[in-house]
Amino acid sequence: MLDIQFIRDNPELVAEKSKQKGYEVDVTQLLGFDTERRELLQQADDLRRQRNELNDASQGQKPSEEQVEQGRQLRDQLGDLEHRLEAIEKEFDVLLKAVPNMPLEDVPVGASEDENVVAKTVGEQPHFDFQPKNHAEIAEAKGWLDKERAAKIAGSRFAYLKGDLVRLQLAIMNWVVQTLGDEQVIQKLIDESGLQLSAKAFNPVLPPAMLRTEPYVASARLNAEEVTYKLEQDDLWLNASAEHTLCTMYWNEILPESELPIRYLGYSTSFRREAGTYGKDTEGFLRMHQFDKLEMEVFSTGETGLDEHKLLIAIQEYLVQQLDLPYQLLQKCTADIGKPNARGVDINCWLPGQNTYRETHTADYMTDYQARDLKIRVKRENGTELVHTNDATAFALGRAMIAIIENYQTADGHVRIPTVLQPFMNGQTEI
RNA sequence: GGAAGGGUGUCCGAGUGGUCGAUGGAAACGGUCUUGAAAACCGUCGUGCCGGCAACGGUACCGUGGGUUCGAAUCCCACCCCUUCCGCCA
């Protein structure tokens, strides 16, 4: 959630920026509840003070009948007040949580994802002397993809991925874990981007794939209707990204400053209901209920949060460039960055089989918005502060493979292996 | 699934109705001593909220939620989680 003090100090700004993100927020009403809440809180604190004074006065002895009677009155008054306070706080909380994070200055204002701004286009789209196929055709011909049997077993938007495709996925994973574990690579990207950051490597993590309601809600990432699967019997949700179990990892913790930045590279199978997408992207495995993903997550101080965000983007670009995939970097507009995010970019890779750029990566900077609810703080010299959180896709493996298959396809239906991946494929140059 | 034990501050750990936000230890920080360090000694040392320019004052927080009481870390109820043993199992 957003800092209530900030909302008090900047009511018009909050209303305006919320609107830019597509959220109707009644700031006036919120602040009305805030005032009322504070008044009641004062009164309640005062009654509690009186109660405490009364208790102290008894000095461990049995209180007099008069004191007991006084206590009864205080108790009843306080009970009344607490009742009213509870009602107000409930309304207040709902409104406060409805306020989205404020977009940073350089986030373009836009009403839908159509107004995302192409910041740059990198790489040459490959030329083919033949009609390029889409990944589904190639994968099915190769026996890498079986959606019919998956549908029989699990329904639509599931697949059996097989054979060399699996080897390719494992190769990408190994390569990314190695690359992000290399401080020299991190340092190089920091230097090239002109950032002031530690070169600390990314620690690989296999997180749980499920999480409970309470931390999930606190992460501001639970999107139950459209996205997330619920296991009713167990108060557990299947994570829609490793990010969800990574950002919640330090829930309710105070971290020593010396540990920051904390950089994780999480691997998890991700589950999405994809409600409301019927008939969309039905071919191949672009949009699945289940896919594997490597996700970067960073906890940092406020000062370095934005630079960490930029580092994550630099890493994304580096990884995509290493695979020699043509891509566009999109600066997401206010309507598309998402409620808890202050800034976000997408990387869309070129897919020749579809003759278009499709989203393969996203990088989100939450400032302290997410940490406020998750209560993740850092102990510093002058007190504790909320950490800043960042997340970013390293590779959504399904979509990465789609990009490779389509860009690296040959006339006779094979797929060449990008040079950097060959060492992780036993030197194979083609599958 | 069955049984038992437990959840207290950054960590460990005491506390079973009132002067307890909480003994003690560790870590951390500042200082004394020392050529320097260690040790020893002295001091500081939780978080949120409300008010205040601030110093500070008030209040809440002992797994969570309810209850009993003038008063709850402490008693009662429900739930959650952790540990150990048994069972089952990759």
Side-chain angles (χ1 to χ4, degrees), chain A residues 1-9 30-97 99 206-218 222 230-237 245 248-260 262 268-269 299 301-302 368-387:
Chain A
M1 58 184 149
L2 202 62
D3 183 6
I4 183 63
Q5 191 58 50
F6 181 83
I7 302 174
R8 286 176 197 143
D9 295 342
L30 171 65
L31 291 179
F33 282 130
D34 180 45
T35 306
E36 203 172 341
R37 174 180 145 266
R38 283 195 280 175
E39 278 166 9
L40 291 176
L41 214 47
Q42 286 274 327
Q43 293 172 32
D45 277 359
D46 190 56
L47 286 176
R48 290 193 187 109
R49 197 200 76 239
Q50 290 179 43
R51 186 185 63 189
N52 289 342
E53 282 169 0
L54 189 64
N55 291 342
D56 288 350
S58 68
Q59 289 286 317
Q61 307 299 311
K62 268 212 185 304
S64 68
E65 200 38 55
E66 193 187 338
Q67 285 172 318
V68 169
E69 182 49 40
Q70 217 178 330
R72 281 203 190 102
Q73 282 179 22
L74 284 173
R75 180 193 62 188
D76 293 343
Q77 284 175 43
L78 189 58
D80 248 32
L81 206 55
E82 279 174 340
H83 227 77
R84 280 156 60 200
L85 187 58
E86 198 183 334
I88 294 291
E89 286 200 309
K90 218 167 173 177
E91 309 240 33
F92 172 75
D93 277 350
V94 169
L95 287 180
L96 179 58
K97 287 199 170 149
V99 181
L206 295 175
M210 308 177 191
L211 66 163
R212 295 201 200 117
T213 304
E214 201 185 345
Y216 213 162
V217 167
L222 179 59
K230 175 84 204 282
L231 280 72
E232 282 298 342
Q233 286 178 306
D234 293 294
D235 183 36
L236 284 171
W237 303 78
T245 37
T248 47
M249 199 169 164
Y250 295 104
W251 184 39
N252 279 329
E253 291 192 39
I254 299 173
L255 306 166
E257 187 173 2
S258 57
E259 280 187 23
L260 301 184
I262 295 173
S268 176
T269 300
F299 303 88
T301 60
D368 61 6
Y369 186 94
Q370 197 176 40
R372 185 166 291 108
D373 255 8
L374 285 168
K375 297 192 181 72
I376 306 177
R377 287 156 293 178
V378 51
K379 190 168 196 102
R380 309 186 75 175
E381 222 167 280
N382 297 318
T384 53
E385 296 170 11
L386 294 167
V387 300

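Just so you know, these numbers use all the heavy atoms, side chains as well, and skip hydrogens, waters and symmetry mates. Just so it is clear, the structure is predicted and the values come from calculations on it, not from any experiment. Chain letters run A, B, ... following the sequence lines, proteins first and then strands; every chain starts at 1.
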Quick one: [X] [atom1] to [N] [atom2], roughly how many Å, whole number?
X: Leu78(A); N: rA60(B); atom1: CG; atom2: C1'; answer: 12 Å
X: Ile254(A); N: rG46(B); atom1: CD1; atom2: C1'; answer: 7 Å
X: Glu214(A); N: rG65(B); atom1: CD; atom2: P; answer: 9 Å
X: Glu82(A); N: rG65(B); atom1: CD; atom2: P; answer: 13 Å
X: Glu89(A); N: rG48(B); atom1: CD; atom2: P; answer: 17 Å
X: Gln67(A); N: rC70(B); atom1: CD; atom2: P; answer: 13 Å
X: Glu53(A); N: rG71(B); atom1: CD; atom2: P; answer: 16 Å
X: Leu54(A); N: rU59(B); atom1: CG; atom2: P; answer: 13 Å

Spacing of the [atom1] atoms in [M] and [N] (rounded, Å):
N: rU35(B); M: rU10(B); atom1: C1'; value: 35 Å
N: rA73(B); M: rC20(B); atom1: C1'; value: 8 Å
N: rA4(B); M: rG9(B); atom1: P; value: 27 Å
N: rA60(B); M: rA72(B); atom1: P; value: 10 Å
N: rG66(B); M: rC49(B); atom1: C1'; value: 23 Å
N: rG46(B); M: rC62(B); atom1: C1'; value: 12 Å
N: rG58(B); M: rG52(B); atom1: C1'; value: 11 Å
N: rG31(B); M: rG24(B); atom1: P; value: 24 Å

Below 4.0 Å: OP1/OP2 of [N] and any side-chain N or O of [X]:
X: Thr384(A); N: rG48(B); result: yes
X: Arg72(A); N: rC70(B); result: yes
X: Arg49(A); N: rU59(B); result: no
X: Asn52(A); N: rG71(B); result: no
X: Arg212(A); N: rC80(B); result: no
X: Arg51(A); N: rA60(B); result: yes

Tell me what [X] touches on the nucleic acid: a base, only sugar-phosphate, or nothing, going by heavy atoms under 4.0 Å.
X: Arg380(A); value: nothing
X: Arg372(A); value: nothing
X: Lys379(A); value: sugar-phosphate
X: Asp235(A); value: nothing

Does Ile7(A) form a side chain to side chain contact (heavy atoms under 4.5 Å, CB included) with Asp9(A)? I'd like the steps, not just the answer.
CA-CA 5 Å; Ile7(A) 302 174; Asp9(A) 295 342; over 6 Å; no
Identify whether the distance between the nearest side-chain nitrogen and carboxylate oxygen of [X] and [Y] falls below 4.0 Å.
X: Glu39(A); Y: Arg84(A); value: no
X: Asp93(A); Y: Lys90(A); value: no
X: Asp76(A); Y: Arg72(A); value: no

With both distances under 3.5 Å as the test, what is the Watson-Crick or G-U wobble partner of [N]?
N: rA78(B); value: rU64(B)
N: rG43(B); value: rC29(B)
N: rG48(B); value: rU59(B)
N: rA54(B); value: none
N: rC85(B); value: rG2(B)
N: rA73(B); value: none

Say whether, by atom type as modelled, one donor and one acceptor occur between the side chain of Arg377(A) and the main chain of Ile254(A) under 3.5 angstrom.
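No; judged by distance alone, with no hydrogens or angles, the pair does not exist.
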Checking contacts here: which listed nucleotide (rU47(B), rG71(B), rC49(B)) is nearest the side-chain heavy atoms of Arg37(A)?
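From the listed options, rC49(B) comes nearest.
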Can you spot which of Arg49(A), Gln43(A), Gln50(A) makes a side-chain contact (heavy atoms from CB on, under 4.5 Å) with Leu47(A)?
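The single option meeting the side-chain contact (heavy atoms from CB on, under 4.5 Å) with Leu47(A) is Gln50(A).
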Might you point out which heavy atoms bring Ile376(A) and Tyr250(A) nearest each other, and give the distance in Å?
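Ile376(A) and Tyr250(A) have their closest heavy atoms at CG1-O, 3.3 Å.
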On RNA chain B, compare the nucleotides closest to Glu86(A) and Gln50(A); which residue's is nearer the 5' end?
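Of the two residues, Gln50(A) wins.
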Return the 5'-most residue of the pair Val68(A), Asp46(A) with respect to RNA chain B, ranking by each residue's nearest nucleotide.
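The residue whose closest nucleotide sits nearer the 5' end is Asp46(A).
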Taking everything shown except Glu259(A) itself, do over 12 heavy atoms lie less than 6.0 Å from its CD?
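Enclosed.
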